[in-house]
**Q** 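Just dropping this structure here.
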Amino acid sequence: MPLPRTRETGLRQRLAELRGPEVPAKALDARALAALAANPGCRRRAILDGAGVNKAALADALGSPSAFGQSQFALTRGNAFEARVKADGGAELLRLVHEKLDRRAEPPSDAEVPELTAIGPEGRTARTVLALRDATATGGWTLLDHPMLALDVAGSPAFLEPDAVVVHPDGSWTVVEIKSFPMLDGSADPAKVGAAARQAAVYVLALEEVAARLGAEPKERAQDSAPPPRVRHHVLLVCPKDFSNLATASAVDVRKQRAVTARQLARLTRVQDIADALPEGVCFSPDLPAGELTAAVEAVPATYAPECLSACELAFHCRDRSRTDGAVTSLGRSVRAELGGLTTVEDVLAAARGETGDPDDPAVAALRRAAELRAEALGRGVAACR
């Protein structure tokens, strides 16, 4: 007699069905999670990421390939720089952590670098938790190279892999982000630093869950004086110095990004609820015929905005659909917010011409005034030409 299917097992099977038979799941990394949190109203991205769908392959199959992502050259350069920073047991990386974040502590001359290999993401996550617990209780400097963290996202676990986590002698934890873009004269591109901060904030949230779990564990001895785990909200951003391959670093305060990301993730509709609302037989496998695949994607509502072009592989497809439907969101979130209940370009133009809309509505009144000013300006321009 088969065992009853639990809710968690049922969700996993349902997500596997949505992904397609024999299609491996694509891991949800911190970069994608930060982008998802920036647009929590998009159910399409939530279910695709939750199911582990390869959105780049999906976009190609839909006929709207995306140029989103890093080039192979950038990846190779970034990997080489990271290897250089972590050479010799992470001596240079730990020196930067000590210099930028913890000058009062003893220099990290003899740091521990525990082995974190295990079978599968669940095994690596458990091994990381054990290493963090041991390092916190022992004291001294510890470098965790590519640990694995788990974070619940809309009812589905996401496994995250920061570049490094450093445990300080006082038992506190610091997230380290290693990027290949340069710091010129001590500063880097603000847009890239902001993206790195949002990504690091995701790791901070995941570490805070581990710290809360370890802090709630019963102590083996009443006199156990190990300090409670504490996640620092200043992360270390490590980049090449000027135009060289030498490493430099800056402490980045991610408290604002952490708060925003936590609030946005809490707003995400649960993946289970989105999956239950889909028709039977919906599948996002790139091997399906284009028409069937398009119908499957359109069965999930999307919330497109121009910002999606730099954060989502399906942005070009969603933009085309948004323009076809005449949705004002294709003009930007700020424009959408100013227009109130007017959701399509056709509604906006009709309101501006005085054909529809409540004259007491501030958005409608502003549109009609703008239309009058435009007509007046065009009339003067024609008169001047004559």
Side-chain angles (χ1 to χ4, degrees), residues 2 5-29 31-33 35-69 153-159 268-331 336 343-346:
R5 189 171 70 169
T6 65
R7 182 175 176 85
E8 181 179 355
T9 303
L11 175 60
R12 290 184 179 180
Q13 292 182 359
R14 176 60 171 150
L15 295 180
E17 293 170 359
L18 292 173
R19 193 167 57 246
E22 308 300 327
V23 178
K26 187 178 186 299
L28 181 61
D29 58 15
R31 189 190 302 269
L33 191 53
L36 177 61
N39 191 8
C42 187
R43 293 193 169 200
R44 181 176 297 170
R45 174 150 196 173
I47 190 64
L48 292 176
D49 283 343
V53 175
N54 187 329
K55 298 194 296 299
L58 181 61
D60 289 340
L62 291 170
S64 301
S66 172
F68 173 76
V153 181
S156 179
F159 295 99
L268 284 173
T269 304
R270 294 183 63 85
V271 172
Q272 178 76 62
D273 298 336
I274 303 175
D276 291 343
L278 293 177
E280 287 294 329
V282 168
C283 180
F284 304 111
S285 172
D287 298 329
L288 293 175
E292 184 177 345
L293 190 59
T294 300
V297 172
E298 294 303 316
V300 191
T303 306
Y304 170 78
E307 293 82 358
C308 296
L309 293 173
S310 61
C312 182
E313 296 88 340
L314 279 181
F316 289 129
H317 173 81
C318 296
R319 182 182 65 177
D320 291 343
R321 294 292 172 173
S322 180
R323 288 176 174 177
T324 300
D325 296 339
V328 296
T329 51
S330 61
L331 304 176
R336 172 68 184 87
T343 59
T344 67
V345 175
E346 183 179 352

**Q** Counting C-beta onward and ignoring hydrogens, is there a side-chain heavy-atom pair between Leu62 and Leu314 closer than 4.5 Å?
**A**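 Leu62 vs Leu314: side chains touch.
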**Q** Applying salt bridge (Lys or Arg N to Asp or Glu O under 4.0 Å), name anything that partners Glu346, two or more places apart in sequence or on another chain.
**A**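 Glu346 satisfies salt bridge (Lys or Arg N to Asp or Glu O under 4.0 Å) with no residue once adjacent residues are dropped.
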**Q** Counting N and O atoms only, with roles assigned by atom type, does the side chain of Arg319 sit under 3.5 Å from a partner on the main chain of Ser330, one being a donor and the other an acceptor?
**A**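 Not a single qualifying donor-acceptor pair exists.
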**Q** Would you give me the side-chain donor-acceptor pairs under 3.5 Å for residues 278-289, sequence neighbours excluded?
**A**
from, atom 1, to, atom 2, distance (Å)
Ser285, OG, Asp287, N, 3.4

**Q** Once rounded to the nearest 0.5 Å, what's the spacing between atom NZ of Lys55 and atom CG of Asp49?
**A**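 Reported value, rounded in 0.5 Å steps: 3.5 Å.
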**Q** Would you give the length of the straight line joining atom OH of Tyr304 to atom OG of Ser322, rounded to the nearest 0.5 angstrom?
**A**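 It comes to 7.0 Å.
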**Q** Under 4.5 Å between any side-chain heavy atoms of His317 and Val297, yes or no?
**A**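 Yes, their side chains come closer than 4.5 Å.
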**Q** Which heavy atom of Val328 sits nearest to which heavy atom of Thr344, and what is that distance?
**A**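 Shortest heavy-atom contact: CG1-C, 3.5 Å.
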**Q** Of the non-hydrogen atoms in Leu18 and Ala51, which two are nearest, and what is the gap between them?
**A**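 Where Leu18 meets Ala51 most closely, the heavy atoms are CB-CB, 4.5 Å.
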**Q** Sub-3.5 Å donor-acceptor pair from the side chain of Arg43 to the main-chain atoms of Pro301, do we have one?
**A**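 Here the side-chain-to-backbone pair does not exist.
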**Q** Restricting to non-hydrogen atoms, name the atom on Arg19 and the atom on Val53 that form the minimum distance, rounded to 0.1 Å.
**A**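 Looking at all heavy atoms of both residues, the shortest contact is CA-CG2, 4.3 Å.
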**Q** Indicate the atoms forming the closest heavy-atom contact of Ala275 with Arg14, along with that distance.
**A**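 Closest approach of Ala275 to Arg14: O-NH2, 3.3 Å.
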**Q** Kindly give the heavy-atom pair with the smallest separation between Arg44 and Ile47, and that separation in Å.
**A**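 What the structure gives for the nearest pair is O-CG2, 3.2 Å.
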**Q** Kindly give the heavy-atom pair with the smallest separation between Pro65 and Phe316, and that separation in Å.
**A**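 Shortest heavy-atom separation between Pro65 and Phe316 comes out as O-CD1, 3.3 Å.
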**Q** Taking Thr303 for the side chain and Gly41 for the main chain, is one N or O donor matched with an acceptor at less than 3.5 Å?
**A**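 Yes.
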